[in-house]
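To keep things clear, I will list the structure first and then write my remarks on it.
Just so it is clear, the model here is predicted, and its values are computed rather than measured.
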Protein chains: 2
Amino acid sequence: MSESTNKLYGTVLIRAKEILDYLLNSETAPTLKEISDGIGMTKPTTLKILTTLEALKFVTRDENTKAYFLDVSLLAYGEKASEEFDIRSIVTPTLSRLRDSTGETINLGIVNDNEIVLLDKFESPQSIFLKSRIGGRMNMYSSSMGKAILSAYSDTEMADYLDHTDLKKVTPNTITTSDALIADLQTTKGRGYSVDDEENEVDIFCVGFVITKYQKIYGAFSITAPKFRMGSEKRKKIVQLAKAAQKEIIDKI
Amino acid sequence: MSESTNKLYGTVLIRAKEILDYLLNSETAPTLKEISDGIGMTKPTTLKILTTLEALKFVTRDENTKAYFLDVSLLAYGEKASEEFDIRSIVTPTLSRLRDSTGETINLGIVNDNEIVLLDKFESPQSIFLKSRIGGRMNMYSSSMGKAILSAYSDTEMADYLDHTDLKKVTPNTITTSDALIADLQTTKGRGYSVDDEENEVDIFCVGFVITKYQKIYGAFSITAPKFRMGSEKRKKIVQLAKAAQKEIIDKI
DNA sequence: CCTTTCCGTTTCTTATTTAGAAATGATAAC
DNA sequence: GTTATCATTTCTAAATAAGAAACGGAAAGG
C-alpha cells in the first residue's frame with residue numbers, strides 16, 4: 001500500500017502471472033475460453049501467452065481436451081525458494097513425532113508478505129480435511145500460526161502490520177478490530193501459545209507456537225483439529241506436548 | 001527437436017524464465033550484475049525484469065546485500081501442479097514404511113518431458129547426501145527410476161524417447177549406446193526392477209521400480225544408497241521389501 | 001446429411017512496449 | 001579524497017504486442 005505508483009515493466013509477464021494464478025485457483029483444468037473469459041483477456045492474446053508458457057514448461061496442455069494445467073517443472077522453483085528458509089530440516093523430526101504423539105495434523109508456516117505461507121504439513125492419519133496445500137496462504141490475524149508470530153512482534157512491527165492489513169471477516173469468529181487483536185495477542189504472549197477458535201475456518205480449532213530465538217522469528221507451527229476433537233482435556237495434553245516440541249526445536253537452532 | 005521453428009511470443013516472459021532459472025541454479029543469492037553477466041543481458045533490462053518479478057512475488061530481494069532469490073510464493077504453483085498426478089497420497093504410507101524397513105532413502109518420480117522429476121523423497125536418517133531436491137530432474141537413461149519406466153515403454157515409445165535424447169556420459173558407468181540401453185532394459189524387465197550402478201552419480205547405487213497398472217505408467221520409486229552399503233545380501237533384502245511395496249501400491253490404484 | 005454453433009487458431013495493423021547506450025548516483029575500496 | 005564498481009534512471013529508435021476480424025474444424029441439432 002506504499003508501493004511506487006509507477007507503471008510496471010513487462011506487460012506480458014504480468015499477464016502470464018494472471019494466467020498462472022488462474023490455473024492455480026481452478027478446480028479443474030480450464031480451456032482457453034475459460035481462461036480468457038475468466039481473466040478478461042482476448043483469446044488471441046491469451047493463446048499466445050499460453051503457448052509460450054507451454055514452451056517454457058510452466059504449463060501443460062492436454063492434447064485431447066485442450067485444457068491447460070500447471071506443469072510439474074514449477075516444483076523446482078518453490079522447493080529451491082523454501083530451502084533458503086531451512087527451518088524445515090531442523091523441525092521435521094520433532095514435528096513428525098508431535099504428529100504421532102498428538103494424533104493430529106501439524107502445520108509449519110513462515111511469514112511472507114504479511115501472510116502465512118504453509119511450508120510443510122504432517123498429516124494425522126485421521127485427518128479428514130485436506131483443504132490446505134503446501135505453499136498455500138492464510139491471514140496472520142485469523143490463523144493460529146499468524147497470531148503466534150504476531151505475538152512476538154515489536155510494537156513498531158505490529159503497527160506496520162496493521163497499517164498494511166484489512167481485518168476482514170473470514171468466519172463469524174474472526175477478530176476484526178485492532179484492539180481486540182492486540183488484546184488477544186497479549187493473552188497469547190502470557191499463555192505461550194495462540195488459539196484459533198474457528199476464526200479462520202468453521203469447525204476448526206488450532207493452537208499455534210512461534211519459533212523464535214535471539215529476537216529472530218523463524219516461523220511457527222500449529223496443531224489443527226476439528227473442534228469436536230479438541231475438548232479442554234485433550235487441548236491441555238496437546239499444549240503440553242507442543243510446548244516440549246517448541247523447546248526442542250528452539251534448542252536445535 | 002520437432003518443435004515449430006516459429007518465433008515465440010513474449011520476449012520478456014522468456015527472459016524472465018531465464019532469470020528464474022539462473023536463480024534456481026545459483027548456490028548463493030546473486031546480485032544484479034551477476035545475473036546480467038551470467039545470462040548475457042544488459043543491466044537495465046535485467047533490473048527491470050527483476051523489479052517486476054519482485055512485484056509479482058516471484059523473487060525477493062535482500063535489502064542490504066541487494067541480492068535476489070526465489071520467493072516462497074512459488075511453492076504454491078508446484079504443489080498444485082503435482083496434485084494433478086496424485087500418486088503421492090496413494091504412495092506415501094507405503095514408501096514411508098519402506099524407508100523405515102530398509103533404513104535407506106526412497107525417491108518417488110514421474111516422467112516429464114522425457115526426464116524424471118523428483119516428486120517426493122523419504123529420507124533415511126543415515127542419509128548423508130542430499131544432493132537431490134524435490135522438483136529436481138534427472139535423465140531417464142542414467143537413473144534407476146528412469147530405467148524402470150523405460151522398461152515399461154512400448155517399442156514405439158522407446159524409439160521416440162531415443163529419438164529425442166542424447167545418451168551423454170554423466171559418470172564413467174553411464175550407458176551411452178542405444179543397444180546397451182535396450183539390453184539393460186531387457187534385463188530389467190525380466191528381473192522386475194532396474195539397477196543404477198553409479199551410472200548417474202559416483203558412489204551411489206539404486207534400484208528402481210515402476211508403478212504401472214492397466215498399461216498406464218504412473219511413475220516409479222527407487223531406493224538409493226552409497227554403494228558401500230549395498231552389498232548383495234542387503235540388496236537382496238531391499239529388493240524383496242521393495243517388491244512387496246510395489247505390489248501394495250499397485251493394488252491401491 | 002446438412003446447418004449451425006462454438007471454440008481454437010491465424011492474420012494483420014496500429015499503438016505500445018522494449019532494449020540498451022549513455023549518463024548519473026551511491027557506496028565501498030584504497 | 002580519489003577511484004572503482006555496481007545500481008539506477010533517462011531516452012528514443014526499433015521491436016513487440018493487442019485485439020478486431022476472419023478463418024477452420026469439430027461437435028450438436030435438426
Can you tell me how far apart CD1 (B/I49) and OG (B/S36) are? Round to the nearest 0.5 Å. 11.0 Å
In whole angstrom, give the distance that lies between atom [atom1] of [X] and atom [atom2] of [N].
X     : N      : atom1 : atom2 : answer
A/L8  : C/dT17 : CG    : P     : 12 Å
B/L32 : D/dT8  : CG    : P     : 7 Å
A/I14 : D/dA17 : CD1   : P     : 13 Å
A/I39 : D/dG19 : CD1   : C1'   : 16 Å
B/L13 : D/dT16 : CG    : P     : 14 Å
A/K66 : D/dA27 : NZ    : P     : 11 Å
A/L47 : C/dC7  : CG    : P     : 15 Å
B/I35 : D/dA7  : CD1   : C1'   : 12 Å

Find out whether [X] and [Y] are in side-chain contact, i.e. whether some heavy atom of one side chain is under 4.5 Å from a heavy atom of the other.
X      : Y      : value
A/N139 : A/L167 : no
B/F69  : B/T28  : no
B/K147 : B/I175 : yes

Go through the side-chain N and O atoms of A/E248 and A/T94 and say whether any donor and acceptor fall under 3.5 Å apart. yes
Whether the B/T224 and B/N107 side chains hold a donor-acceptor pair (N or O, under 3.5 Å, no angle test) is what I'd like checked. yes
Of A/G10 and A/T65, the one whose closest DNA chain C nucleotide lies more 5': A/T65
Going 5' to 3' through nucleotides 20-30 of chain C, assign each nucleotide B (protein heavy atom under 4.0 Å from a base atom), S (under 4.0 Å only from sugar-phosphate atoms) or - (no protein heavy atom that close). BBB--------
If you assign each of B/T11 and B/Y68 to its closest nucleotide in DNA chain D, which residue comes earlier from the 5' end? B/Y68
Smallest heavy-atom separation, A/S222 atom then A/M145 atom, equals CB-CG, 3.5 Å
Cut-off 3.5 Å, no hydrogens considered: what does the side-chain donor-acceptor table look like for residues 70-81 of chain A, sequence neighbours left out?
unit_1: A/D71; atom_1: OD1; unit_2: A/S73; atom_2: N; d: 2.8
unit_1: A/D71; atom_1: OD1; unit_2: A/S73; atom_2: OG; d: 2.8
unit_1: A/D71; atom_1: OD1; unit_2: B/N112; atom_2: ND2; d: 3.2
unit_1: A/D71; atom_1: OD2; unit_2: A/T60; atom_2: OG1; d: 2.6
unit_1: A/D71; atom_1: OD2; unit_2: B/N112; atom_2: ND2; d: 3.4
unit_1: A/S73; atom_1: OG; unit_2: B/N112; atom_2: OD1; d: 3.3
unit_1: A/S73; atom_1: OG; unit_2: B/R137; atom_2: NH2; d: 2.7
unit_1: A/Y77; atom_1: OH; unit_2: B/K17; atom_2: NZ; d: 3.3
unit_1: A/Y77; atom_1: OH; unit_2: B/D21; atom_2: OD1; d: 2.4
unit_1: A/E79; atom_1: OE1; unit_2: A/R88; atom_2: NH2; d: 3.4
unit_1: A/K80; atom_1: NZ; unit_2: B/S26; atom_2: O; d: 2.5

Plane angle bin for B/Y153 and B/Y161 - parallel if under 30°, tilted between 30 and 60°, otherwise perpendicular: perpendicular
Short side-chain N/O contact to D/dA15 OP1/OP2 from B/K7, under 4.0 Å: no
Would you say C/dG8 has OP1 or OP2 under 4.0 Å from some side-chain N or O of A/T31? yes
Give me, pair by pair, the N or O atoms of the protein and of nucleotides 24-26 of chain D that are less than 3.5 Å apart, along with how far apart they are.
none

